[in-house]
2 protein chains.
Amino acid sequence: MAAERERRRDAGRTRQQLLEVARCRFARQGYATTTVRDIAEDAGVNVALISRYFTSKEGLFKACLDTAFAEIRRDAEQTTPNDVAAVLARRIAGAEDSPRRMEGLLLLLRTSGDERIDEMRRGVLRAVSERLAQVTGDPEAVLRAEVVLAATLGIAMMRSSLQVQPLATATEQELLAPLTDLVEGLMGQPMTRRRPAR
Amino acid sequence: MAAERERRRDAGRTRQQLLEVARCRFARQGYATTTVRDIAEDAGVNVALISRYFTSKEGLFKACLDTAFAEIRRDAEQTTPNDVAAVLARRIAGAEDSPRRMEGLLLLLRTSGDERIDEMRRGVLRAVSERLAQVTGDPEAVLRAEVVLAATLGIAMMRSSLQVQPLATATEQELLAPLTDLVEGLMGQPMTRRRPAR
DNA sequence: GTTACAAGTCAGCGCACGTTTACTACTGTT
DNA sequence: AACAGTAGTAAACGTGCGCTGACTTGTAAC
């Protein structure tokens, strides 16, 4: 209850504000296209604060990635085999705090030009894929899980920057059936899975 | 047979050279990250020639998109229902002129910041999806076709800029089975397709 | 009320980018 | 051989970017 009244100057709050608007910009426009002046204006503060709180534009981007990674890992850990499609649908088109949820996914495929960041990204994608692959014990499972993940990222892309209809405005419910079929087709009961390569 | 010997100065050839190296750069790095000086150096010519032959960087990008669009449309027109997965696998990981084939796909999701170009992009994606959707007459078919397309684009992304293993180095043969299952699951025999939403 | 420090602002630096202008060199024609 | 026209070059211009250092203002402690 202490100090809960609004302060006109609050470092923690502005830092958080910067994180959120930056995350939104980076996810929608990509790293290179987003300028620090845009971000500062969105947050309603001066540009210099970005350098102060996050060292640099790249530092801010990395901070955005960190929060996104944490979210995604949490999602992945709590997902059970039967859940996969529903969790993906929720993340892509979940209603409650949309479109914040999808932003995390989009950050995964926005490159900053920094090799260390790309390495982090690969790490997260790989971890999520392997978690997904645990659903089956198949040696090909990781590859198939990565295809599921790739599909999810692709859908997120088409909905955000490309805005291809009708996918762009499909609801969570409308996405659930196709995603279920996709996951089922790729990781569920064997169809072509067990047959030898032609 | 006329004038087939190599000329040291050949406008048509340099123009073509610029188109090819630009397409590669744009596909790999995106529009904003690629500089005209990079492109000119790759082509081994002076920067000013980009302005001369394509008016501007954006003009060059648009020219790249035009060639990619033509290729993709041609692919789409010649695809039969049973072919879909094979054509996609070939485009993603086709051996003969790889990785040129995949570049066309990647250009579809690289944004230039120009709204007219984005409109073109949406148009092509939409056309390809509708063509894909003709496989079935289902009203939901376009949505499902777009999911197939999104998956394809996502895979291309993971192979190029993200380089997530094992997807990044999977061969055409290795991709064929998962893609077949994906297409089958989404557009083939009804599984959850006909059952009402939960 | 005064003081000290943190929060926030302002103006500008340096650099890399896309583009342009003035120039040089090659090539086919007569 | 001289010319004309085009292919290609060199250098610089203007702009917008990320970032910085000196400054101002709010806030909490005494």
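Numbers restart at 1 for each chain; the letters A, B, ... are given by sequence-line order, proteins then strands.
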[atom1] of [X] versus [atom2] of [N]: gap in Å, rounded?
{"X": "A:Asn46", "N": "C:dA6", "atom1": "CG", "atom2": "P", "result": "19 Å"}
{"X": "A:Ile39", "N": "D:dG18", "atom1": "CD1", "atom2": "P", "result": "8 Å"}
{"X": "A:Lys57", "N": "D:dT20", "atom1": "NZ", "atom2": "P", "result": "14 Å"}
{"X": "A:Arg52", "N": "C:dA7", "atom1": "CZ", "atom2": "P", "result": "7 Å"}
{"X": "A:Asp10", "N": "C:dG8", "atom1": "CG", "atom2": "P", "result": "7 Å"}
{"X": "B:Phe61", "N": "C:dG18", "atom1": "CZ", "atom2": "C1'", "result": "16 Å"}
{"X": "A:Ile50", "N": "C:dA7", "atom1": "CD1", "atom2": "C1'", "result": "15 Å"}
{"X": "B:Tyr53", "N": "C:dT19", "atom1": "OH", "atom2": "P", "result": "17 Å"}

At 4.0 Å (heavy atoms only), tell me whether [X] reaches a base, stays on the sugar-phosphate, or touches nothing.
{"X": "B:Thr34", "value": "sugar-phosphate"}
{"X": "A:Thr35", "value": "sugar-phosphate"}
{"X": "B:Phe54", "value": "nothing"}
{"X": "B:Val47", "value": "base"}

- Do NZ/NE/NH1/NH2 and the carboxylate oxygens of B:Arg159 and A:Glu146 come within less than 4.0 Å?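 A:Glu146 and B:Arg159: not salt-bridged.
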- Would you mind checking if B:Arg23 and B:Glu20 are paired as a salt bridge, meaning a charged N to carboxylate O distance below 4.0 Å?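 Looking at B:Glu20 and B:Arg23, the cut-off is not met.
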[atom1]-[atom2] distance between [X] and [Y], expressed to the nearest 0.5 angstrom:
{"X": "B:Met157", "Y": "A:Leu153", "atom1": "CE", "atom2": "CG", "result": "9.0 Å"}
{"X": "A:Ile50", "Y": "A:Lys57", "atom1": "CD1", "atom2": "NZ", "result": "9.5 Å"}
{"X": "B:Arg110", "Y": "A:Ser161", "atom1": "CZ", "atom2": "OG", "result": "10.5 Å"}

- Among C:dC10, D:dG26, D:dC19, the one nearest any side-chain atom of A:Ser51 is D:dC19
- Between D:dC19, D:dG26, C:dG18, which nucleotide gets closest to the side-chain atoms of B:Val36?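 My answer, after comparing the listed nucleotides, is C:dG18.
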- OP1 or OP2 of D:dG8 sitting under 4.0 Å from any side-chain N/O of B:Thr14?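 Answer is yes, contact under 4.0 Å.
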- Classify the side chain of B:Arg37 versus the base of C:dG18 as yes if they form a donor-acceptor pair under 3.5 Å and no if they do not.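 Such a pair exists between side chain and base.
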